[in-house]
Amino acid sequence: MIDINIIRKKPDWVKAQIAKRNDSAPIDAILELDGRRREILKEVEELRRQRNASSKQIGRLMGQLKKAQRAGEDVTKLETAVSQAKAAPRQIGDKISTLDDERRQVEADLQEKMLWVPNLPHPDTPIGPDESYNVIHEPQGAAESVFDFTPKAHWDLGTALDIIDFERGVKMSGSRFYVLKGKGARLQRAIIQFMLDMHVDKHGYTEAYPPFMVRSQCFENAGQLPKFYDNVYRDAEEDFMWLATAEVALTNMHADEILDEAALPASYVAYTPCFRREKMSAGKDVRGIKRGHQFDKVEMYQFVHPDESEAELERMKQHAIDICDALGLRYRVLELATGDIGYASERTYDIEIWAAGCEEWLEVSSTSNCTDFQARRANAKFRPADGGKTRYLHTLNASGLALPRVMIAILENNQQADGSIIVPEVLRPYMGGIEEIVNC
RNA sequence: GGAGGGAUGGCCGAGCGGUUUAAGGCGGCAGUCUUGAAAACUGUUGUGGGUUUCGUACUCACCGGGGGUUCGAAUCCCUCUCCCUCCGCCA
């Protein structure tokens, strides 16, 4: 949610910002509803003020009446006065409830429309309607092949080593599902543990293990609803949705809270599975483990002071890069164009790693500054140390990293001519000390 | 799944449908006293919205959320959420 004051002051500018995203939002309708809301509010509050005064008057009369009754005096005059005094506020009350009904309707409409306004892009975000305008940072280009044989794709390697079982995954759950077996499952677990340890021990995040199913309100707060409703798995009977990313859960860690400035930044890292219908990507990347309905991810998330969010974005990007470096993965950084950044984001970096077998750059991390967009929806604030008014926090998220694609890169880049895989050194302590995955 | 009890300010905890303010305590902040501190005493204390002479006052709402009854609701009714106790089931 963006600040409605910006829309009030510069509606045309806001429209232009949203147009840069190749998106649109009902700004004119919002202005109209907002104006009507304030009209009603002015009127209904004045009426309420009048009614409050009248009711207080009746209260005083009732006090006198009771006193008189106790004293055994004649109370008919007072009783008449009370019933006469009721007439005016009763009429006011009728007007109030009519206006209140309209107010409720207007506010519901306004809220619904505001939910369809995306975050506004940062002035430095490259402008362009789609991903072809993304700016690729160093290092660029594909790695020259270091192989003296033709490297295989992970689906062939995994099947041959019997560490990825596509057939049985499909048997259980259909396409886009697979079973990791033996050293494959162990490798994934090792990567998860390595990443969590690095973010906790070296980068200072607090490890969190959130629920994997959360209320739909959590998705709305994170900016995933209403727009991405079709891409989320949900419970048929209860108001539960399965995480599409841990970001959804972590956004809500401090929902409806006011943090002390001294508690900032509040930094979390969580391992969770992620569930996505992939409706928008139907038919895309169906081979291998690149894009499944279920995948694992380690996610970083921070609540920071608004003045810190821009610098923090750079640091979080580096935290993701640190993982790539430690695992020996060749990566490149993309700065996403206005047409490609996420709905809640003002500025996003993607990190892609090179996979030598399928010969593509794979997105393993997306690092975004969501400014106060999610914080407004989630009502997450902080109290400035100088005692000023409470302000909305800024939130940032960064994958650190997405597991299947890291697996792909390790399998494909570390393969040897005989199809065995060299285990990256940093993972060996988590793999019982083994140095390679071999066919047995 | 069944039966019952709860939710009040940062925290604890009162609150017969009304008579100017949600009592009281704790904590926090400021001040007095003191060389300093403690104690004591005094004052102060939340969130959001609207109007505005825009920095000043006025005003409205908020006692778990949402409706309702009433001239008037923390208080009565309905509903949802969460917590607690007991029974049953269970990794």
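Labels below follow one simple rule: chain letters A, B, ... track the order of the sequence lines, proteins then strands, and each chain is numbered from 1. Note that the structure is predicted; figures quoted are calculated from it, not measured.
Ring planes of A/His203 and A/Tyr205: perpendicular class, angle over 60° (limits at 30 and 60°). Classification of the A/Phe373-A/Tyr343 ring pair by plane angle, with boundaries at 30° and 60°, yields perpendicular.
The same atom, P, is picked in B/G65 and in B/G10; the two are 13 Å apart, to the nearest Å. For the P atoms, the distance linking B/G64 with B/U8 amounts to 6 Å, nearest Å. If you take atom C1' in B/C11 and the same atom in B/C80, they sit 27 Å apart, rounded to whole Å. If you take atom C1' in B/U42 and the same atom in B/C33, they sit 11 Å apart, rounded to whole Å. Spacing between B/U21 and B/G9 at atom C1', rounded to whole Å, works out to 15 Å. Rounded to whole Å, the separation between the P atoms of B/G15 and B/G49 comes to 34 Å. Using C1' as the reference atom, B/G18 and B/U56 are 33 Å apart when rounded to the nearest Å. The P atoms of B/G67 and B/G13 are separated by 29 Å, rounded to the nearest whole Å.
Residues A/Glu46 and A/Arg215 both approach RNA chain B. Their nearest nucleotides, taken by heavy-atom distance, put A/Glu46 toward the 5′ side. Residues A/Gln64 and A/Asp34 each lie close to RNA chain B; by heavy-atom proximity, the contact nearer the 5' end of the strand is made by A/Gln64.
With a glycosidic angle more than 90° from 0, B/U59 adopts the anti conformation.
The six-membered or imidazole ring of A/His254 lies away from that of A/Tyr301, with a centre-to-centre distance of 6.0 Å or more.
With values rounded to the nearest 0.5 angstrom, A/Ile92 atom CD1 is found 5.0 Å from A/Ser54 atom OG. Here A/Ser366 contributes atom OG and A/Ile341 contributes atom CD1; the two are 10.0 Å apart, rounded to the nearest 0.5 Å.
With a cut-off of 3.5 Å on both pairing distances, the Watson-Crick or G-U wobble partner of B/A61 is B/U47. Of the nucleotides present, none pairs with B/U52 by Watson-Crick or G-U wobble criteria with both distances under 3.5 Å. With a 3.5 Å ceiling on both atom-pair distances, the Watson-Crick or G-U wobble partner of B/C41 is B/G31. Across all strands shown, B/G25 is found opposite B/C11 as a Watson-Crick or G-U wobble partner, with both distances under 3.5 Å. Nucleotide B/G72 forms a pair with no other nucleotide shown, judged by Watson-Crick or G-U wobble geometry with both contacts under 3.5 Å. As the counterpart of B/G88, no nucleotide is assigned, since no Watson-Crick or G-U wobble pattern has both distances under 3.5 Å.
The number of heavy atoms from other shown groups lying within 6.0 Å of CD (A/Gln318) is above 12. The environment of CD in A/Glu261 is crowded: more than 12 heavy-atom neighbours from other residues, nucleotides or ligands sit within 6.0 Å. Around atom CD of A/Glu314, more than 12 heavy atoms belonging to other residues, nucleotides or ligands sit under 6.0 Å away.
When each of A/Lys284, A/Arg291, A/Arg176 is paired with A/Glu278, the salt bridge (Lys or Arg N to Asp or Glu O under 4.0 Å) condition holds for A/Arg291 and for no other.
Taken residue by residue, residues 48-58 of chain A places heavy atoms nearer than 4.0 Å to RNA chain B at A/Arg48, A/Arg49, A/Arg51, A/Asn52, A/Ser55, A/Ile58.
For the pair A/Arg234 and A/Tyr229, the distance from NZ or CZ to the six-membered ring centre is under 6.0 Å and the angle to the ring normal is within 45 degrees.
Within the nucleic acid shown, A/Arg8 comes within 4.0 Å of sugar-phosphate atoms alone, with no base atom in reach, counting heavy atoms only. Residue A/Arg103 is out of contact with every strand shown, counting any heavy-atom pair closer than 4.0 Å.
When RNA chain B is scanned 5' to 3' for any atom under 4.0 Å from a heavy atom of chain A, the first and last hits are B/G18 to B/C82.
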